[in-house]
Each structure stands twice: as structure tokens, then as C-alpha cells.
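Right, one structure below, let's go through it.
By convention here, the first residue in the shown sequence is residue 1. Everything numeric here is computed off the predicted structure, so don't read it as measured data.
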Amino acid sequence: MLAWWVTGSVALLSDGLESIVNVATAIIAYFVIRYAQRPADHDHQFGHHKAEYIAAVVEGMLIVVAAMLIINEAWQGLVSPKLPDAPVIGLGINALASVVNLVWARQLIVAGKKHRSPALEADGRHIMSDVVTSAGVFVGLILAIATGNPILDPVLAILVAVNIIWQGYRVISHSLGGLMDRALEPAEEAAVREAIATHSVGALGVHDFKARRAGTAAFIDFHLVVPSEMSVEDAHAICDRMEEAVKAIIPGATLGIHVEPDSENPHGRKIDVEGAGK
């Protein structure tokens, strides 16, 4: 915003408005992540993890609002285009802000993936897109000044707005997927299925496998088929082995294992277990 104040550039204003959204969503994310980390209680027996997806949806909506404001300002620039004032100072300020954003975005994305936080990762990816658009604005304003063509300034602002709308759409669609109990990522599910298969010695089969993500939490359910004559203690030991193996892949995962005798008809998604019948 300081770069815009110095230059009067609509493109730099668009960058500044996006940065304001970054700050607003960071404040929202701070409080929502704290809420999402609360332990399960009587009213939320599976925890508060999905609150992060709500924060990400709000962020996506704010991103789209910022894009609308940018398009409005850019339209005014198209009607009365003018070259920026003090361009060297303004571009220098913008370049410095972009470096700060780049470092910030990388930290948020890494932390979001490490802690399975949709809100942190969404914030980081949004800021990373801001870095890209800032680079485009930087190059575009240099071209506008070099060619003496002021129309490039508002055109750049509109291009920034279109990119912001796309980023907002991605954030919202990903978060809605989480609210709708999206399955584990393919690689993660494959690792879980492998762990179940290799630690189920003594069982006859696994079927009706289901898994979903809810922010930092993962919920995995399946039916474990054991010989009819197997004791409850032995079946429980198999369940403990599988649970430990899965939690080594997804710390804090919640497993629901339904043990049933081999007389039951299997259904749902199956997992071929090792040592079946041994």
C-alpha cells in the first residue's frame, strides 16, 4: 500500500489490497486454528478439526472480494490512464515486500503440511500467489514506463484480479472438499492399506475400508474378519498391531475396527491381508 501511495499505480494498489486480505485472513486463521486444536468434548465428540476448513472458505471469499475491489479501481484507471509517479521508489518498496512475502509463504506452506493444517497451507499458497503476481506487476510497470504506455497499469491490475479470483476458487473448492469428508490422499491411503495388510497376521481378511480427513485428524474404519474360534484377546491383539502401524504413518489417527467371524459375508472395499488363514 505504501508503494501505491508513492506512485498512484493501480497495479500496485491491487497488490496492496491483496496484502490487506493476507493480514485479515492471518488474524482469522490464528483464532480458528486455536479453536480447532481444542480436545473433543460432549458437543463435538470427534473434535473441532473442521473449523479450519471454515476459516479457509472465509479466506477464499475475502480473496474474491479483494479481486472485485481491484477490478473496480482498474476500471477507473482504464477510463483515465496515467503513468505512475516516483516509479523507482515504488518498485523498490514492492520488491522488498515481495521478498518478505516469499519467506512468509514458504514458512506457512511447510508448517501447514507438517501439522496437516488446511488454514495455514491455504494462507501460504495464497501469499505465494501474491509473490507471483507482484513479480508480474514489477515487470509490467517497467514495460509501461519504458514504453510510455499508461494503459498497461490498469490492464496489469485486471490480470492480477483474475489470478486472485482463481486462487480464491481453489482455496474454497479445496476447503469444501474437506467439509464434505474428502478421502485420504492416494499415497497416504496406500501406505495405510499396506500397514493394515502387513500387520494383520492371524486374521482372514479386511473389508469395508473407509478413510477420511478432517483438518489435522484422520478417521479410518474397516471390518476385520477372524476365525470363528479365535478368542477376543487374540483378535484384540491383532487390532492393536494394526492400530500402532497406522498411527506410525498418521499420528493421532482414529481407528474404528469392527471384528467379525468368518461366517459373515464380506462387503465394501477390501484389503488383501498377509498370512490370511495362518
So which atom in Phe209 and which in Phe222 form the shortest heavy-atom distance, rounded to 0.1 Å? CA-CB, 3.9 Å
Under a 4.5 Å cut-off applied to non-hydrogen side-chain atoms, are Ile249 and Glu194 in contact? no
Is the closest side-chain donor-acceptor distance between Glu260 and His207 under 3.5 Å? yes
In the single-linkage hydrophobic clustering (I, L, V, M, F, W, Y; side-chain heavy atoms under 4.5 Å), do Tyr35 and Ile27 co-cluster? no
Single-linkage hydrophobic cluster Leu62~Val64, side-chain heavy atoms < 4.5 angstrom: no
Does a side-chain heavy-atom distance below 4.5 Å link Leu141 with Ser9? yes
Quick one: closest heavy-atom pair of Pro39 and His48, and the distance? O-CE1, 3.2 Å
Could you go through the side chain to side chain contact (heavy atoms under 4.5 Å, CB included) check for His199 and Ile238 one step at a time? CA-CA 7 Å; His199 290 81; Ile238 298 173; over 6 Å; no
In short, Leu204 meets Pro227 closest at the heavy-atom pair CD1-N, 3.7 Å
Val192 side chain reached by Leu184 side chain, heavy atoms, under 4.5 Å: yes
Show every salt bridge (charged side-chain N to carboxylate O under 4.0 Å, His left out) that has at least one partner inside residues 241-253, sequence neighbours left out. Glu243-Lys247
Where His44 and Asp41 come nearest, the two heavy atoms and their spacing: N-OD1, 2.7 Å
Val58 and side-chain contact (heavy atoms from CB on, under 4.5 Å): which partner among Val32, Ile28, Ile172? Ile28
Gap separating the CD1 atom of Ile250 from the CZ atom of Phe219, nearest 0.5 angstrom: 11.5 Å
Can you check side chain to side chain contact (heavy atoms under 4.5 Å, CB included) on Met1 and Leu13, steps first, answer last? CA-CA 6 Å; Met1 292 303 288; Leu13 173 61; 3.8 Å; yes
Write down the atom of Thr7, the atom of Gly90, and the distance for their closest heavy-atom approach. CG2-CA, 3.5 Å
Ser173: partners by side chain to side chain donor-acceptor pair (under 3.5 Å), with sequence neighbours left out: none
Check step by step if side chain to side chain contact (heavy atoms under 4.5 Å, CB included) holds for Ile93 and Leu12. CA-CA 10 Å; Ile93 295 170; Leu12 289 177; over 6 Å; no
Over 12 non-hydrogen atoms of neighbours within 6.0 angstrom of CE in Met68: yes
Identify, with sequence neighbours excluded, every residue that meets side chain to side chain contact (heavy atoms under 4.5 Å, CB included) alongside Trp75. Leu78, Val79
Report the C-alpha separation of Leu255 and Val246 in whole Å, then their side-chain angles, then the decisive distance to 0.1 Å, and conclude whether the side chain to side chain contact (heavy atoms under 4.5 Å, CB included) test is met. CA-CA 9 Å; Leu255 275 72; Val246 171; 3.8 Å; yes
Heavy-atom side-chain proximity of Arg212 to Asp221 below 4.5 angstrom: no
Over 12 non-hydrogen atoms of neighbours within 6.0 angstrom of CG in Leu2: yes
Does any non-hydrogen side-chain atom of Thr254 lie less than 4.5 Å from one of Ile220? no
Mind listing the side-chain donor-acceptor pairs of residues 97-114 below 3.5 Å, one per line with the distance, residues two or more places apart or on another chain?
residue : atom : partner : partner atom : Å
Ser98   : OG   : Asn94   : O            : 2.9
Asn101  : ND2  : Asp130  : OD2          : 3.2

Sidechain N-carboxylate O distance under 4.0 Å for Arg213, Glu185: no
With ring pair (Phe, Tyr, Trp, His ring centres under 6.0 Å) as the rule and sequence neighbours excluded, what pairs involving residues 232-262 come up? His223-His258
Hydrophobic cluster membership, with links at side-chain heavy-atom distances under 4.5 Å among I/L/V/M/F/W/Y: are Ile71 and Leu17 in one? no
So if you build clusters from Ile, Leu, Val, Met, Phe, Trp, Tyr with side-chain heavy-atom gaps below 4.5 Å, do Val57 and Ile165 land together? no
Those residues that, when tested against Arg38, pass salt bridge (Lys or Arg N to Asp or Glu O under 4.0 Å) (two or more places apart): none
Going hydrophobic residue to hydrophobic residue with side-chain gaps under 4.5 angstrom, can you get from Val10 over to Trp4? no
